[in-house]
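This report concerns only the one structure given below.
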Amino acid sequence: MLQWSDRSPQHWREFVNHEVCVTVQDQQRFEGRVFTVDPVSASVVLVSVQENERPSVRVILGHAVTDVQILRRGTEETERQMKSVFLPDQTQILSA
Amino acid sequence: SPRFIALCPTTVSTSSSGSVDEEEQRLRSELRERFLRTLLLMTDKQVQFDMFEKVRVRATFGASDIDVLNFQVSDLETPLGVQKEALLRCHDMISCSFEL
């Protein structure tokens, strides 16, 4: 069984925009929507947007991740919402 | 940096044919750009760091090195007082979180 940090970018990409539950080494669990997985450190960036609360962002270091399960699939709308958090309107697009 | 060059082969040598390489490289750059934007957003914010052994500290995030081995932070709140400037080793860390 491959460790999370040894997985391919294709594998990591499959989790982007979906709501997941990430299990870490000491059995702690974190839930949220995946914004990205860093291809260098395999760190998972989760975003949680609760009503009437400010969005919170959690970075889980790749070496600590033992399992990631998809809970709910995201939609184009959730992708757009998440992008608006990280990429303000004036952000210059640097890659195609 | 020499360290980054040394680390590169272990992260990009997973596929063999050219078109697969290109597709993989595109995915990597897309994922990496998003991660760098996350770090930019985290800069100068109060961040909570969850370390191993249930240690939880707060500090203002400054920067990370390219291979995400160390975070530079300011005003690190420790049980012994506030450390003005510090480096946190990412290997001692489980996660970190902040609000927007």
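Remember, predicted model here, so these are calculated numbers, not experimental data. A note on names: the letters A, B, ... follow the listed sequences, proteins ahead of strands, and every chain is numbered from 1.
Residue A:Ser41 forms a side chain to side chain contact (heavy atoms under 4.5 Å, CB included) with just one option from B:Ile66, B:Val68, B:Leu69, and that option is B:Val68.
Both A:Val34 and A:Val65 belong to a single network of hydrophobic side chains, linked directly or stepwise wherever heavy atoms of I, L, V, M, F, W or Y lie under 4.5 Å apart. Under the 4.5 Å side-chain heavy-atom criterion for Ile, Leu, Val, Met, Phe, Trp and Tyr, B:Phe35 and A:Phe35 are members of the same hydrophobic cluster. Cluster membership for B:Val55 and B:Ile94, using ILVMFWY side-chain heavy atoms within less than 4.5 angstrom, is not shared. No chain of hydrophobic side-chain contacts below 4.5 Å, direct or via other Ile, Leu, Val, Met, Phe, Trp or Tyr residues, connects A:Val47 to A:Phe15. A:Leu46 and B:Val47 fall into different hydrophobic clusters, where Ile, Leu, Val, Met, Phe, Trp and Tyr are joined by side-chain heavy atoms under 4.5 Å apart, directly or via other members.
Sparse packing is recorded around CD of A:Gln3, with 12 or fewer heavy atoms of other residues, nucleotides or ligands lying under 6.0 Å away. Surrounding CD of A:Glu77 are more than 12 heavy atoms belonging to other residues, nucleotides or ligands, all under 6.0 Å away. Shown here is A:His11, whose NE2 atom has more than 12 heavy atoms of other residues, nucleotides or ligands within 6.0 Å.
With a 4.5 angstrom heavy-atom cutoff, A:Asp26 touches chain B only via side-chain atoms. Looking at A:Val22, neither its backbone nor its side chain comes within 4.5 Å of chain B, counting heavy atoms on both sides. Residue B:Leu41 touches chain A through its side chain alone, counting heavy-atom pairs closer than 4.5 Å.
By the 4.5 Å heavy-atom criterion applied to side chains, B:Glu24 and A:Arg13 are not counted as neighbours.
For residues 55-63 of chain A, a heavy-atom distance under 4.5 Å to chain B picks out A:Pro55, A:Ser56, A:Val57, A:Arg58, A:Val59, A:Ile60, A:Leu61, A:His63, given by residue number.
Note that the CZ atom of B:Arg28 and the CH2 atom of A:Trp12 stand 6.0 Å from one another [nearest 0.5 Å]. Atom NZ of B:Lys54 sits about 7.0 Å away from atom CD of A:Gln28, to the nearest 0.5 Å. Rounded to the nearest 0.5 angstrom, A:Thr36 OG1 and B:Arg32 CZ are separated by 9.5 Å.
Looking only at heavy-atom pairs under 4.5 Å with chain A, the residue among B:Leu36, B:Leu100, B:Leu39 that has the most is B:Leu100.
Of all heavy-atom pairs spanning A:Pro9 and B:Leu31, the tightest one is O-CD1, 4.0 Å.
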**Asked** Step by step, would you call A:Val16 with B:Arg34 a side chain to side chain contact (heavy atoms under 4.5 Å, CB included)?
**Response** CA-CA 11 Å; A:Val16 171; B:Arg34 285 175 172 229; 3.6 Å; yes

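Looking at residues two or more places apart in sequence or on another chain, you find no side chain to side chain donor-acceptor pair (under 3.5 Å) involving B:Ser64.
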